[in-house]
There are 2 protein chains.
Amino acid sequence: MHSPEELTQRFREVGLKVTPQRQAVFRVLYQNHTHPSAETVYEQVAEQMPTISLRTVYQTLNDLTDMGEILHLDLGTGSARFDSNVEHAHHHLVCEGCGLVRDVEADLDSLKFNETLPSGFLVSETEILVRGQCEHCLAQDQNRRSQDQHSKAGA
Amino acid sequence: MHSPEELTQRFREVGLKVTPQRQAVFRVLYQNHTHPSAETVYEQVAEQMPTISLRTVYQTLNDLTDMGEILHLDLGTGSARFDSNVEHAHHHLVCEGCGLVRDVEADLDSLKFNETLPSGFLVSETEILVRGQCEHCLAQDQNRRSQDQHSKAGA
DNA sequence: GGTCTAATCTGCAAGCATTGTTGATTGCCA
DNA sequence: TGGCAATCAACAATGCTTGCAGATTAGACC
């Protein structure tokens, strides 16, 4: 995405007004590269601007998505995630435990489909999703298991 | 997934009861390879058994998913899709127009990640999603465009 | 700076997919 | 065949997202 200042320009060019609420959303997204949900963006904006509504955050995220400034991702984590990195093509790693998302780069050209794709189908995007458990959630699982061991031994 | 008869066995083995409702869901899934949504499964079962509830269909789909008989897919189409083909690893092609899903096989081993994946992360699944427009939706789009041309010319 | 108007804001209600609850029903083992 | 736990249907509730309506405000024009 562009910087908050550049976004201000772009919004005016397209005929959209630049409100303090929108600028606050710009700033949060520009600094947050963790693929936040709308709710998370809302919480972070609300720290600076407690009166903002979740509805406005959704609206601004949609505007930015329509303008191609951010990406709207559905990674199966329940809520949509927003990705401010549209400059460099990349894919995603998703922790099924905590919903953490990380970017990964992959060489799509190296990917071989065993059969050719159906001829009539016009591909717009090929997406790679790596699911699993992050370091933190793995450790937590191990702790829980050893706890269970102890309580079983104690009982 | 196993055949309806084999599923009857498996359900009893696990201590789940085999009701007519469940058998009807088994049959629909066994024959339908279009990756139906819960709603679609419900509609098809309801043709034979109009009193079944959507809740029961969801419950049975969840049971089958837990047993590994079917796959629960989130392809960003709004509702979850259920895939009865768990025997052969494959990936999916999704039409962004009508939600049609097709299986595609891809050689995951050929896929190169430019940086290695984070060391602490335990990968459970790597999923490839090809989005685009199917033949049918492409044709429809073209029709619509030429219609627009005509009405513009006529006006 | 002041005025004006359309765009935007907030708060709330509604929509959709899915799950929780509950009392009635039924599979299935003895 | 009886009995009980599992399951059913109907309905309420959830979580995420969007629609709506009246109050507010950005920004063009004077």
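Residue numbers begin at 1 in each chain, while the letters A, B, ... track the order of the sequences.
Closest of all the heavy-atom pairs between A:Gly76 and B:Asp74 is CA-OD2, 3.1 Å. Heavy atoms only, all atoms of each residue included: B:Val94 and A:Phe121 are closest at O-CZ, 3.4 Å. Taking each heavy atom of A:Val45 and A:Val28 in turn, the nearest pair found is CG2-CG2, 3.6 Å.
Near DNA chain C, meaning a heavy atom under 4.0 Å from it, residues 58-71 of chain A has no residue at all. Of the residues in residues 34-48 of chain B, none lies under 4.0 Å from DNA chain D by heavy-atom distance.
Looking only at atom types and distance, the side chain of B:His90 has a donor-acceptor partner in the side chain of B:Asp83 under 3.5 Å away.
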>> What does the B/S/- profile of nucleotides 21-27 of chain C look like, 5' to 3', with a 4.0 Å heavy-atom cutoff to protein?
In response: ------B

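For the pair B:Ser84 (side chain) and B:Ile70 (backbone), a donor-acceptor distance under 3.5 Å is absent. B:Thr56 places no side-chain N or O within donor-acceptor distance of the main-chain N or O of B:Ile52, the cut-off being under 3.5 Å.
By the side chain to side chain donor-acceptor pair (under 3.5 Å) test, B:Asp63 pairs with B:Arg22, B:Gln59, sequence neighbours left out. The side chain to side chain donor-acceptor pair (under 3.5 Å) check on A:Thr40 picks up A:Ser37, with sequence neighbours excluded. Residues passing the side chain to side chain donor-acceptor pair (under 3.5 Å) test with B:Asp141, sequence neighbours excluded: B:Arg144. Residues satisfying the side chain to side chain donor-acceptor pair (under 3.5 Å) criterion with B:His91, sequence neighbours excluded, are absent altogether.
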If you look only at distance, which donor and acceptor atoms sit under 3.5 Å apart when one is on a side chain in residues 128-139 of chain B and the other is two or more places apart or in another chain?
unit_1, atom_1, unit_2, atom_2, d
B:Arg131, NE, A:Glu127, OE1, 3.1
B:Arg131, NH1, B:Leu75, O, 3.1
B:Arg131, NH2, A:Glu127, OE1, 2.9

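As rounded to whole Å, 16 Å separates atom P of C:dA6 from atom CG of A:Leu16.
For residues 7-32 of chain B, the set of pairs meeting the ring-ring contact (aromatic ring centres under 6.0 Å, His included) definition, not counting sequence neighbours, comprises B:Phe11-B:Phe26. Residue pairs that meet the salt bridge (Lys or Arg N to Asp or Glu O under 4.0 Å) test with at least one member in residues 4-20 of chain B, sequence neighbours left out, are B:Arg10-B:Glu69.
Between B:Val41 and B:Leu29, some side-chain heavy-atom pair lies under the 4.5 Å cut-off.
Aromatic pair B:Phe82/B:His35: centroids not less than 6.0 angstrom apart.
For the helix from C:dG1-D:dC30 to C:dA30-D:dT1, the rotation axes defined at the first and last 5 base pairs enclose an angle of 30°, given to the nearest 10°.
In summary, contact between chain B and DNA chain D, defined as any nucleotide atom under 4.0 Å from a heavy atom of the protein, begins and ends at D:dA5 to D:dA10 in the 5' to 3' direction.
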